[in-house]
Colleague: 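Below is one structure. I have some questions about it.
Each chain gets a letter, A, B and so on, in the order its sequence line appears, and its residues count up from 1. These numbers were taken from a predicted model, which means no experiment stands behind them.
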2 protein chains.
Amino acid sequence: MGQTKPVLNQNSQQEDTKNRLLDAAEALFCENGYDGVSVRELTAAAECNLAAVNYHFGGKDKLYAEMFRRQFGIMIQRNIETIDRVMTDPGISLEDLLRAVMKPVMCSVIENETGGKVLRLLVRAVLNQQIDRNSFASEMKTQLFERLGRAILQLVPGIDPDKILLIVFSIDGAILHPFLFMDFYQETMPNLSIDDLLDHMVRFVAAGIRGYANPNQEGG
Amino acid sequence: MGQTKPVLNQNSQQEDTKNRLLDAAEALFCENGYDGVSVRELTAAAECNLAAVNYHFGGKDKLYAEMFRRQFGIMIQRNIETIDRVMTDPGISLEDLLRAVMKPVMCSVIENETGGKVLRLLVRAVLNQQIDRNSFASEMKTQLFERLGRAILQLVPGIDPDKILLIVFSIDGAILHPFLFMDFYQETMPNLSIDDLLDHMVRFVAAGIRGYANPNQEGG
DNA sequence: TAAAAATTGAAACAACTGTTTCAAACAACA
DNA sequence: TGTTGTTTGAAACAGTTGTTTCAATTTTTA
């Protein structure tokens, strides 16, 4: 308990290797996928020994999952905070809420942020059944969906609460599509700006929601 | 050229092994992914020799691609025919078109059809960058998108043609989300029927499109 | 400083990978 | 029926995989 002693030395040293491995995992897995990266590549990038992955994480798969837990937790938390913050403003519109939720996600992929890349990899991992159902990802996402659903019910009167989950899923779909296939978007629409895209997304989804609130607008 | 000779014997014999391999590929790859299936498992399931994959297809990756080409071609063709058929009816509505396009896709996943499973795997493969951009898949999809865009412009007057691609992408997103995450849908909404889901999708997307046609419905 | 614990390093392990080889079996054709 | 070309079979190849081992080192505790 000496006062001058830099007590963090031990922890920072061991945490350093773990974090270097997590950083390497983010960079390499996002680029080449789980099977496209070997433990040897990971440890080389992290400048540590081959055995470190098993020593610190207990295996390649555990490191993979830990990488998701770290990044996904941050992103969901940010999303929830965004909704809470926006909803304190009494004069807020549905469009404002949608844009606030959509913008950071779109920006993360346009600007090639780590969070965006990991989230994209997470979707791949879910589809590839590499991370199990009912895991942290599912729980976190459910929590976010509930929060978003409540906000929409609050902003748009006349929506059947029984349908709110479907609506939130559709919003998720509207976000996920450009998020996952941004390359394709930019390839087929080279002049598309991020604001143009957001304008479209907000407009399309808002109309979809509002159409739900006012049932008889046009006969199907 | 004897009249009674069954001349197809040779061809059917060799095509048989190829088809057995393609069938095994569909079953196994869809279940476990590309890296999750070894050539030995494939040839065991197809009841042929280990070398057959390389002999008939030129490698594991070529078999993988060939499997997609066979199924995806069929599905896109069906989709295009559906649009063409529906659009010959002069009294058709936007909702009818959307439902006609969406229904077979949703049914394919609900009823666990091979086509649906392969299409789902194709999305995974695209995200995993296992099949190259500008391949058959991209061309086919572009063709379908153009057809769908023209149909919508025809059915809904007042849409800016410059925005039609974005709208079609959003429709694709609305379809892809339940298509990819049907497990999650059914888990969180156990009572959801296929018709309820289709009703929602059609309603949500149609409202999104119509909102585009009538810009000033609510101040954003 | 001495003992104990945590971490690293280099090597080996055991299993599996996709592909190639080449002789044997098969088909079709003359 | 003999010849030719195609398809199969069993084995081997060359390489990579994730993980383990255990001694050497470093760090922490007493």
Colleague: Using whole Å, what does the distance between atom C1' of nucleotide C/dT8 and atom CG of A/Leu42 come to?
Modeller: 17 Å

Colleague: Under 3.5 Å, which N/O atoms of the protein pair with N/O atoms of nucleotides 10-16 of chain C?
Modeller:
none

Colleague: Of the candidate nucleotides D/dT20, C/dG18, D/dT6, which contains the atom at the shortest distance from the side chain of A/Asn54?
Modeller: D/dT20

Colleague: Starting at atom OH of A/Tyr55, determine the distance to atom C1' of C/dT7, rounded to an integer number of angstrom.
Modeller: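 That distance rounds to 5 Å.
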
Colleague: Is a salt bridge present between A/Asp199 and B/Lys163, judged by a nitrogen-to-oxygen distance below 4.0 Å?
Modeller: no

Colleague: With the side chain counted from C-beta on, respond yes when A/Phe145 and A/Phe169 share a heavy-atom pair under 4.5 Å apart, and no when they do not.
Modeller: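 A side-chain contact exists here, since the closest heavy-atom pair is under 4.5 Å.
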
Colleague: Taking the inter-plane angle between the rings of A/Phe68 and A/Tyr64 on a 0 to 90° scale, is it parallel (under 30°), tilted (30 to 60°) or perpendicular (over 60°)?
Modeller: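 Taking A/Tyr64 first and then A/Phe68, their aromatic rings stand perpendicular (interplane angle over 60°).
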
Colleague: Whole Å only: how far is the CD atom of B/Glu41 from the P atom of C/dT17?
Modeller: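 Those two atoms, CD and P, are 7 Å apart.
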
Colleague: Find the distance A/Asp61:CG to D/dT17:C1' and express it as a whole number of Å.
Modeller: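 Computing the A/Asp61:CG to D/dT17:C1' distance gives 14 Å.
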
Colleague: Return the value, rounded to whole Å, for the distance between atom CG of B/Asp35 and atom C1' of D/dT16.
Modeller: 13 Å

Colleague: How close or far is atom P of C/dG18 from atom CD of B/Gln130, stated in whole angstroms?
Modeller: 13 Å

Colleague: Restricting to ring-ring contact (aromatic ring centres under 6.0 Å, His included), what partner residues turn up for B/Phe72, sequence neighbours left out?
Modeller: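 Residues passing ring-ring contact (aromatic ring centres under 6.0 Å, His included) with B/Phe72: none at all.
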
Colleague: Regarding B/Arg69 and B/Glu66, does a basic nitrogen lie under 4.0 Å from an acidic carboxylate oxygen?
Modeller: yes

Colleague: Write down the distance between NZ (A/Lys18) and P (C/dT7), rounded to a whole number of angstrom.
Modeller: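 Atom NZ in A/Lys18 sits about 9 Å away from atom P in C/dT7.
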
Colleague: Distance check: side-chain N/O of A/Thr17 vs OP1/OP2 of C/dT8, anything under 4.0 Å?
Modeller: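 Checking A/Thr17 against C/dT8: at least one side-chain N or O falls below 4.0 Å of OP1 or OP2.
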
Colleague: Specify the separation, in whole Å, of atom NZ of B/Lys60 and atom C1' of D/dT16.
Modeller: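 These atoms are roughly 13 Å apart.
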
Colleague: Are OP1 or OP2 of D/dT8 and a side-chain N or O of B/His56 less than 4.0 angstrom apart?
Modeller: yes

Colleague: Using the test side chain to side chain donor-acceptor pair (under 3.5 Å), find all partners of A/Tyr34 that sit at least two apart in sequence or belong to another chain.
Modeller: none

Colleague: If you measure from the Lys or Arg side-chain nitrogens to the Asp or Glu carboxylate oxygens, is any gap between A/Glu31 and A/Lys117 under 4.0 Å?
Modeller: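 Result for this pair is no, no salt bridge flagged.
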
